[in-house]
Amino acid sequence: MGRKKGPLPLFREVKILDAGSEGKAVARVEDRVVFVPFAAPGDIVDVQVYRKKRSYYEGKLVRIHKESDLRVIPECAHFGLCGGCKWQHLAYETQLHYKQKQVKDAIERIAKVPYGAFLPIIKSEKQYFYRNKLEYTFSNRRWLTSLDAPKEEGGPDEMNGLGFHLPGMFDKILDIEHCYLQRDPSNDIRLAIKEYALNHQMSFYNVRNWEGLLRNIIIRTSRNGNLMVIVIFKEESDKNSGLLEFLGDRFPEITSLMYVINDKKNDTINDLEVKLFKGDPYIIEEMVTPGKSNKNLKFKIGPTSFYQTNPEQAQKLYEIAYNFAGFKGGELVYDLYTGAGTIASFVAPSVKKVIGVEYVEEAVNDARENMQLNGITNVDFYAGDLAKVLDEEFIKANGKPDIIITDPPRAGMHDKVVRQILNAEPDKIVYVSCNPATQARDIAILHEKYELLKIQPVDMFPQTHHVENVVLMKKR
Ligand code: SAH
């Protein structure tokens with residue numbers, strides 16, 4: 001770290017200027033940017049710097065002198081500590097304003113290319129309880145908060161908790177009472193598991209010495225009411241089936257009850273066997289394709305399958321991509337970073353053929369299975385890293401695409417992928433992104449041959465700074 005000598009400064013009465021990216025509000029002191037989580041534009045605050053870099057400081061809000069008019073009272077008692085919903089202190093309309101601005105800033109400051117229609121952000125109908133997947137972590141060293149009474153007053157006499165990681169602290173878990181992100185009975189299930197575990201002396205995991213029986217739970221829901229619960233244990237134990245049986249009896253609405261034994265040091269279960277305890281091995285999500293096809297698609301979602309986490313907004317996002325593409329019926333479409341092939345199957349009924357590429361092998365297997373389930377036959381999938389797969393030979397073998405739809409992860413597209421898209425010369429590029437900054441970087445390169453016609457931000461994640469953005473580029 002850049003820390004040299006002396007204590008880091010406390011800045012008094014600084015004005016917060018912007019909501020910033022990464023969910024941190026922004027101030028400016030001595031020509032340097034200061035990032036301050038949980039502050040609001042317009043606040044006058046004291047900021048204790050805890051990290052000093054060449055061009056910016058990172059600070060903690062320690063006192064509010066004047067509250068911004070933009071502030072509202074956060075819904076959730078965990079606001080200020082939990083890393084989940086950092087913008088709850090801003091009204092929803094204000095959040096949308098700053099998301100729109102985030103996209104505009106990226107296009108104007110990073111892409112720096114002329115653009116056509118900049119459309120107003122599409123809001124989410126649901127501002128809470130919109131997520132279809134949450135993962136909670138057990139810890140025997142939970143974080144004590146100001147909400148916890150001191151021990152002498154009957155406060156916590158044990159340190160077991162079940163909740164979310166605190167931002168930036170791998171070993172600290174914030175015990176969650178009520179989370180506003182996933183619909184019922186998500187909270188009831190988590191609380192019931194915790195209570196059962198405490199009553200039955202099941203030990204909570206300790207990440208420092210890798211001991212403790214209970215590690216994680218994952219809860220997945222779908223819009224048609226399917227409900228999947230996965231309990232992750234460190235090891236086989238007589239107690240495990242007791243907890244699973246209790247869950248099955250107490251929550252008959254669980255349609256897939258599963259468990260995993262994970263004695264690795266990390267939490268990922270993608271490389272482990274997920275065992276079915278009761279019910280189905282997957283849940284079903286549905287989507288309706290637009291246009292004449294108007295097909296009801298079904299997607300099987302297994303315990304480790306990827307699916308967009310706000311399904312209502314995913315439908316809207318795909319509709320925008322679909323409309324931007326403006327299919328006439330005979331097109332060859334490439335769907336890059338296809339995941340489980342959801343965009344591919346969304347557009348397949350309206351075009352001649354779709355080629356999907358994705359590097360997670362299981363996702364490609366899901367994609368193929370979903371095509372079968374939906375009777376879609378005009379899609380081919382390839383598993384592999386796009387930077388390697390997408391080359392001249394690939395384009396020769398599969399045909400020059402008329403339209404490319406691309407939906408990369410936060411890092412954006414590898415430079416090689418951008419170059420190959422320029423080589424492939426589709427008429428249109430529809431670029432779906434969860435990170436306007438990397439998208440803008442890629443747009444700047446694509447601008448060599450393509451003009452930026454339309455920009456449509458979409459809010460998939462209310463109460464957070466995250467924004468999704470779809471753009472349409474057309475060959476000159
Ligand atoms: N379009 C899909 C998934 C988008 S998420 C949907 O809407 O559901 C981005 C996807 O890109 C993930 O599935 C991820 O596994 C995949 N991915 C990331 N890097 C990749 C790479 N280098 N090559 C191919 N796929 C990649």
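Both counts, for ligands and for their atoms, begin at 1 and track the order of listing.
- Residue-environment remark: CD (Glu393) stays at or below the threshold of 12 foreign heavy atoms within 6.0 Å.
- Heavy atoms of Gln308 found under 4.0 angstrom from ligand 1 belong exclusively to the side chain.
- Ligand 1 lies less than 4.0 angstrom from a heavy atom belonging to Asp385.
- Contact annotation: for Asp407 versus ligand 1, heavy atoms closer than 4.0 Å belong to both the backbone and the side chain.
- Within ligand 1, the atoms closer than 4.0 Å to a non-hydrogen atom of Gly384 are 23 (N), 24 (C), numbered from 1 in the order shown.
- Nearest heavy-atom pair across Gly330 and Lys352 is O-CB, 3.4 Å.
- Ranking the protein heavy atoms by distance from atom 10 (C) of ligand 1 puts Glu358 OE1, 3.6 Å first.
- With a heavy-atom cut-off of 4.0 Å, Phe306 touches ligand 1 through its side chain alone.
- Ligand 1 has no N or O atom lying under 3.5 Å from any N or O atom of Pro409, backbone or side chain.
- Assignment of Ala314 to the shell around ligand 1 is not supported, since no heavy atom sits closer than 4.0 Å.
- Closest to atom 7 (O) of ligand 1, if we only count protein heavy atoms, is Tyr318 OH, 2.5 Å.
- Of the listed options Tyr359, Tyr307, Phe346, Phe299, Tyr359 places a heavy atom closest to atom 20 (C) of ligand 1.
- The residue Val432 has no part lying near ligand 1, judged by heavy-atom distances below 4.0 Å.
- The protein atom (non-hydrogen) at minimum distance from atom 26 (C) of ligand 1 is Tyr337 CD2, 3.4 Å.
- The shell of residues lying under 4.0 angstrom from ligand 1, judged by heavy atoms, excludes Ala387.
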